[in-house]
Amino acid sequence: LKLRHRFGIFAFVLLLALLPACGRPRQQVANEVKGDEIAALNSQMPTSAKWSVPQLSESGIMVEATWGEMSGFDFDYLRRSEHYGHLLRELNVSEPERLYSGTDFQVFLPRQEVSVGEVWSLSSENIHPFLSQFHPDFNTDLNMDASGAYALLKAVSPQRWDVMFRIHGQFSLEETVYITPAQFAGRLRINTEEGTVEAFELQIPEKRAFNLAYEAHGDGGSMAGLGFVTDMELRSVPPNDASHSWTEQLETADAEKALARSFYPFEKIEWQSLQSARTKARREGKNLFVLIIAGVLDDQSC
Amino acid sequence: LRAGLLSEPNIIQKLNSDYICTWALPEEVQALVDCTDSDPTRSMAQDLLANYRPLVEIMVLDSSGVLKARRSMLQDLELPYQGTPEKALEHFVAFLEHPEPEEPSEYEPQEEGSR
């Protein structure tokens with residue numbers, strides 16, 4: 001039964017890769033989201049103060065990269081593949097450490113003043129150097145829905161900015177094996193008075209059973225599967241977890257939701273957890289709409 | 001599914017106005033069966049697993065958690081309407097308006113050894 005289930009997941013991933021999306025073409029939806037949708041989502045934000053964009057100084061900051069083991073039945077299968085296995089077995093972080101100039105992080109900030117909770121898009125080209133610390137061939141411009149990268153102002157004070165961002169993309173290993181993280185979730189905290197980066201982190205969340213997918217196309221035929229990776233992250237050193245008193249801030253869950261809505265129109269559906277959905281349905285006398293799905297709905301791991 | 005049916009504005013509006021919506025992986029539903037202290041929640045989770053057909057199952061339950069209707073994404077919505085996404089949308093809207101048990105699908109896979 002387990003083998004059948006695994007084969008099912010494999011077939012599902014392959015189907016998603018090969019079939020056009022039901023309804024409008026995926027790229028069309030993605031493009032619509034990138035333009036009008038962001039403006040529409042921002043217009044729904046309650047009116048609040050606008051904050052001028054800080055200018056970062058050249059003060060250097062070291063960033064460490066780690067890429068933990070990619071595990072799971074499907075990745076074990078790929079690792080044993082005669083044609084593709086070596087690409088996984090020989091895979092290492094491209095640059096375990098890199099010294100950045102503070103000005104390099106300006107690419108995560110908006111071009112004009114913003115309010116807390118306001119979303120802006122990030123340039124794929126500009127954020128590529130950070131992702132290339134994992135592997136030089138990283139691409140955020142995918143031929144599928146929900147490509148790209150977005151950021152928002154999570155919290156602010158006269159002394160600090162706290163920026164959250166989310167990046168979707170794909171690593172290409174010699175153009176035969178493509179590894180797609182569920183997402184990269186990031187955080188950037190800035191001292192606006194000094195124009196310095198206090199903390200930077202970017203990682204693949206480990207909240208779900210799967211957080212990684214792969215496709216392989218080449219002499220060994222086509223393969224696809226799901227898996228799990230631990231400790232895949234960029235992190236500034238030394239760590240700086242100092243607490244701060246914010247003038248305005250958004251709850252983390254609300255900030256995550258706002259970023260997710262920038263990628264996925266279906267995130268406008270008011271999803272509940274299974275347990276709270278049952279309670280709420282009973283209380284409000286409404287039917288339950290339940291989607292049971294073999295891969296994660298709200299990220300790129302499937 | 002997510003770039004198509006679930007991203008249609010009228011579907012989003014219908015789901016938010018008429019339904020309480022949730023999604024889960026089968027593994028998460030199984031964990032709920034194994035861990036919950038609530039008998040009704042366990043019963044509902046067991047029903048969801050019993051009625052789940054890989055790889056995507058859409059189910060409508062009444063407010064007390066009893067299954068009213070279900071649709072397999074692949075067998076009921078994708079394969080029958082390949083090339084005619086507007087008909088899949090029509091079918092899905094009708095299902096949300098009147099969630100009735102499905103009619104037998106010609107795309108039902110044969111059980112192993114049944115031939």
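All values derive from a computational prediction rather than experimental measurement. Numbered from 1 within each chain, the chains take letters A, B, ... in sequence-line order.
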Subject >> Residues forming a salt bridge (Lys or Arg N to Asp or Glu O under 4.0 Å) with Arg79(A), sequence neighbours excluded >> reply: Asp76(A)
**OP:** Sort by residue number and list every member of residues 10-18 of chain B having a non-hydrogen atom under 4.5 Å from chain A.
**Re:** Ile12(B), Leu15(B), Asn16(B), Ser17(B), Asp18(B)
Subject >> 4.5 Å side-chain heavy-atom contact, Ile293(A) and Leu55(B) >> reply: no
Original post:
Tell me, side chain or backbone of Leu49(B) under 4.5 Å from chain A's heavy atoms, or both, or neither?
Top reply: neither
**OP:** Determine whether Glu270(A) and Ile20(B) make a side-chain contact, defined as any pair of heavy atoms from C-beta on separated by less than 4.5 Å.
**Re:** no
Subject >> Summary of salt bridge (Lys or Arg N to Asp or Glu O under 4.0 Å) pairs that have at least one residue in residues 31-49 of chain B, sequence neighbours excluded >> reply: Asp39(B)-Arg42(B)
**OP:** Mind checking the CG-CE spacing from Leu274(A) to Met44(B)? Nearest 0.5 Å is all I need.
**Re:** 4.0 Å
**OP:** With rounding to the nearest 0.5 Å, note down the distance linking CH2 in Trp23(B) to CD1 in Ile269(A).
**Re:** 12.0 Å
Original post:
Checking Phe95(B) against chain A: side chain, backbone, both or neither under 4.5 Å from a heavy atom?
Top reply: neither
Original post:
Under 4.5 Å between any side-chain heavy atoms of Leu297(A) and Leu25(B), yes or no?
Top reply: no
Subject >> Taking every non-hydrogen atom, the tightest pair across Ala281(A) and Ser63(B) >> reply: O-CB, 3.4 Å
Subject >> Nearest non-hydrogen partners of Ser7(B) and Phe266(A), listed with the distance >> reply: OG-N, 3.7 Å
**OP:** Would you give the length of the straight line joining atom CD1 of Ile292(A) to atom CD of Glu28(B), rounded to the nearest 0.5 angstrom?
**Re:** 9.0 Å
Subject >> Donor-acceptor contact below 3.5 Å, side chain Thr22(B) vs main chain Val290(A) >> reply: no
Original post:
Can you pull the side chain to side chain donor-acceptor pair (under 3.5 Å) pairs that have at least one residue in residues 274-289 of chain A, sequence neighbours excluded?
Top reply: Ser273(A)-Ser276(A)
Original post:
Side chains of Val56(B) and Leu291(A): does their closest heavy-atom pair fall under 4.5 Å?
Top reply: yes
